[in-house]
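Before any comments, here is the structure.
As the structure is a prediction and not an experimental result, all values here were calculated from the model.
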Protein chains: 2
Amino acid sequence: MLDPISRVRRFNRAVTSAVGALDTSFLGRGRPLGAARVLNAIGHGRSEIGEIRDYLGLDSGLMSRLLRGLEDEGLVETHAHEEDARRRVVSLTRTGKREFAAYEDLSNSQAEGFLARNSQREALLAAMDLIASALTRDRIALTELDPRSDAARYCLAEYYAELSRRFKQGFDVSLSRDPDAKDMRRPRGSFIVAMSDTLPIGCVGLKGTDHGYAEIKRLWVAPSARGLGLGKRLMDRTEEAARSLGIALLRLDTNSALPEAGQLYRTTGWREIPRFNDDPYPDLFFEKQIRS
Amino acid sequence: MLDPISRVRRFNRAVTSAVGALDTSFLGRGRPLGAARVLNAIGHGRSEIGEIRDYLGLDSGLMSRLLRGLEDEGLVETHAHEEDARRRVVSLTRTGKREFAAYEDLSNSQAEGFLARNSQREALLAAMDLIASALTRDRIALTELDPRSDAARYCLAEYYAELSRRFKQGFDVSLSRDPDAKDMRRPRGSFIVAMSDTLPIGCVGLKGTDHGYAEIKRLWVAPSARGLGLGKRLMDRTEEAARSLGIALLRLDTNSALPEAGQLYRTTGWREIPRFNDDPYPDLFFEKQIRS
DNA sequence: GCAATTATCTGACTAAAGTCAGATAATGCT
DNA sequence: AGCATTATCTGACTTTAGTCAGATAATTGC
């Protein structure tokens with residue numbers, strides 16, 4: 001009865017009925033679940049109809065009708081896409097925003113209620129993070145973003161916070177050579193963010209220089225997403241980006257207080273080299289030749 | 001973004017889409033979800049129609065039609081209840097058993113696949129147990145069972161195993177005064193099992209004696225269900241049973257190697273008394289006067 | 001024995017979700 | 001320019017789920 005498979009299945013059943021309760025709470029606002037899900041997808045920033053359709057797994061006919069329904073209720077407006085008038089973008093009206101906020105309140109108080117009902121709060125949260133990361137691991141999307149975008153800035157803030165926790169002497173961004181955002185955008189470089197659902201859980205920057213190589217900077221993976229091979233995926237993707245930019249030589253610096261990083265570099269073809277900059281924080285330097 | 005509520009909501013989303021995938025896998029056998037759920041409920045041993053209806057939250061008309069459908073497929077048979085011909089009991093035919101086994105295989109391989117895909121196996125399982133217990137805490141059912149039933153015997157085995165882990169000198173049931181099953185059944189006593197879903201997660205026995213008191217024996221709560229106040233619930237329920245049996249004085253023995261048990265007794269009106277038996281294991285003895 | 005109650009079933013609905021074959025209009029490609 | 005492709009929409013379905021008012025038959029309580 002306590003074999004691993006039974007335990008997983010008990011979890012599945014528990015969660016299935018909890019999800020059922022969650023779904024029916026959405027019905028509290030007198031709208032069928034399908035329409036509520038579309039409204040929420042729009043509220044969470046998805047604007048292109050095709051994207052929403054894919055995300056929710058809906059047929060195009062059904063999607064279209066759900067949108068008409070929301071339009072009739074005065075909750076959303078659709079417009080032609082600026083660059084491609086076949087595609088449509090949808091946005092919330094003022095009424096729609098209010099309605100979306102009501103759904104958000106419902107979800108938030110549901111979550112709050114769950115936490116309040118249970119005593120082992122931190123243990124539960126850690127368990128939830130772990131399971132959420134495990135469940136969504138093959139839906140982690142790596143996307144090139146502007147390093148000044150919200151998601152990128154969130155990752156960088158978490159990265160700096162972690163460095164200051166882990167470096168004995170703390171970490172002050174202003175003392176480090178802060179790469180200019182321009183150097184981490186095409187065509188000079190690139191910045192890649194890993195998103196799990198709507199949560200940024202990792203990043204890495206590729207910084208172009210004028211010295212015949214590019215640098216890897218700001219490799220970070222969220223604590224709840226470690227052990228999923230995400231660091232490797234981010235690095236692979238960066239090398240790909242470098243190749244596409246015609247870059248043949250990569251360098252990076254790191255610190256021996258981050259042993260898992262050094263370990264990753266050593267096992268993926270990086271070669272330790274002498275110090276190549278005067279940044280005060282790093283004490284380890286690597287180089288990798290790419291291009292087959 | 002990492003505030004507790006967002007973390008709970010991210011978990012909810014992850015789990016919602018995983019459950020969606022689980023549900024659609026059930027559709028792989030070409031049967032609508034409703035019918036599949038009824039078939040599975042029957043396969044898992046529920047035989048009375050009313051019970052299944054309550055468990056799945058179905059309308060009686062709908063339930064009836066789903067059953068007719070399964071009958072037409074040759075998967076189930078219904079008969080009148082032996083003691084009350086208004087009620088109907090339903091059972092699987094041979095074909096039905098095969099079909100149910102196919103669903104079981106699907107569920108098992110789904111669970112197996114999840115475990116195989118992830119590296120932190122033990123951490124994941126512990127996280128799942130914790131969350132499942134938290135989610136189902138208000139659906140934990142306490143029922144009086146025969147101490148020789150499967151669920152009761154499972155609890156007792158777990159209880160003995162735990163004692164032998166926690167007692168320095170180990171634990172051998174045969175050395176302990178093993179209460180006769182008859183003493184823990186009405187009208188002499190009672191045995192109560194806590195069920196979370198289909199998993200027994202706790203038990204307690206009320207053992208009648210001929211000395212003017214009854215004894216509480218075998219109080220056990222599964223590790224994954226601790227911290228939910230289940231021990232207290234089990235004790236309250238036992239006192240209720242004792243009252244209904246006209247018992248006014250309760251005694252119990254325990255061991256100081258189980259501090260959480262002693263703690264529970266001390267805070268719920270039990271009074272420490274001198275040794276009242278010659279069982280080799282206990283070193284702490286309590287008594288409680290009940291009846292208002 | 002008989003009225004009230006209980007468990008299940010049937011018929012006649014509605015609502016929601018999903019499917020699919022075109023229709024329409026914009027865009028890409030040569 | 002003209003044809004294939006793409007994104008969305010519409011109409012005409014089907015299936016599933018769910019509701020509700022009786023009908024039927026067994027049982028309980030007096």
Side-chain angles (χ1 to χ4, degrees), chain A residues 16-17 19-21 23-42 46-73 75-91, chain B residues 16-17 19-21 23-42 46-73 75-91:
Chain A
T16 302
S17 66
V19 162
D23 279 358
T24 53
S25 92
F26 264 36
L27 268 51
R29 299 198 63 77
R31 194 169 289 108
L33 195 58
R37 295 210 306 155
V38 171
L39 184 67
N40 274 284
I42 300 167
R46 290 176 208 267
S47 58
E48 292 204 22
I49 290 185
E51 187 198 353
I52 298 172
R53 217 169 46 209
D54 285 353
Y55 172 65
L56 298 176
L58 299 174
D59 171 87
S60 71
L62 181 51
M63 177 76 202
S64 189
R65 255 177 285 274
L66 290 173
L67 274 178
R68 285 307 82 64
L70 292 173
E71 272 180 346
D72 292 350
E73 281 192 83
L75 300 174
V76 306
E77 286 169 343
T78 59
H79 310 277
H81 190 281
E82 284 185 2
E83 290 168 8
D84 180 348
R86 288 171 306 181
R87 301 194 320 219
R88 310 226 88 205
V89 288
V90 56
S91 58
Chain B
T16 302
S17 67
V19 163
D23 279 357
T24 53
S25 92
F26 264 34
L27 270 49
R29 299 197 64 77
R31 194 168 288 108
L33 196 58
R37 295 210 306 155
V38 171
L39 184 67
N40 274 284
I42 300 166
R46 291 175 205 267
S47 58
E48 293 204 21
I49 289 185
E51 187 198 353
I52 298 172
R53 217 171 44 209
D54 286 353
Y55 172 65
L56 298 177
L58 298 175
D59 172 86
S60 71
L62 181 52
M63 177 75 202
S64 189
R65 254 176 286 273
L66 290 173
L67 274 178
R68 283 310 79 66
L70 292 173
E71 272 179 345
D72 292 350
E73 281 192 84
L75 300 174
V76 305
E77 286 169 343
T78 59
H79 311 278
H81 190 281
E82 285 185 2
E83 292 167 8
D84 180 348
R86 290 171 303 181
R87 301 195 322 224
R88 310 226 88 205
V89 288
V90 56
S91 58

Can you figure out which of [options] approaches the side chain of [X] most closely?
| X | options | result |
| --- | --- | --- |
| A/D59 | D/dG18, C/dT10, C/dC20 | C/dC20 |
| A/R86 | D/dA26, C/dA26, C/dC20 | C/dA26 |
| A/L67 | C/dC9, C/dT8, D/dC9 | D/dC9 |
| A/D84 | C/dA26, D/dA26, C/dC9 | C/dA26 |
| A/S64 | D/dT27, D/dC9, D/dA17 | D/dC9 |
| A/S60 | C/dT8, D/dC9, D/dA17 | D/dC9 |

Assign B/R68 to base, sugar-phosphate, or nothing according to its heavy-atom contacts below 4.0 angstrom with the strands shown.
-> sugar-phosphate
So what does B/R37 hit on the nucleic acid, given a heavy-atom distance under 4.0 Å: a base, only sugar-phosphate, or nothing?
-> nothing
Check if the side chain of A/R88 and the base of C/dT24 share a donor-acceptor pair of N or O atoms closer than 3.5 Å.
-> no
D/dG11 base / A/R65 side chain donor-acceptor hit below 3.5 Å | yes
Report the residues that fulfil salt bridge (Lys or Arg N to Asp or Glu O under 4.0 Å) with A/D54, sequence neighbours left out, ordered by chain and then residue number.
-> none
Does A/R53 make a side-chain N or O approach to OP1 or OP2 of D/dT8 shorter than 4.0 Å?
-> yes
Using 4.0 Å as the upper bound for N to carboxylate O, is an ion pair formed by A/E48 and A/R53?
-> no
Under the side-chain hydrogen bond (donor to acceptor under 3.5 Å, both in side chains) test, residues paired with B/S64 that sit two or more places apart | B/R68
Report the C-alpha distance between B/I42 and B/L67 in whole Å, list the side-chain angles of each, state the deciding distance to 0.1 Å, and finish with yes or no for side chain to side chain contact (heavy atoms under 4.5 Å, CB included).
-> CA-CA 11 Å; B/I42 300 166; B/L67 274 178; 4.3 Å; yes
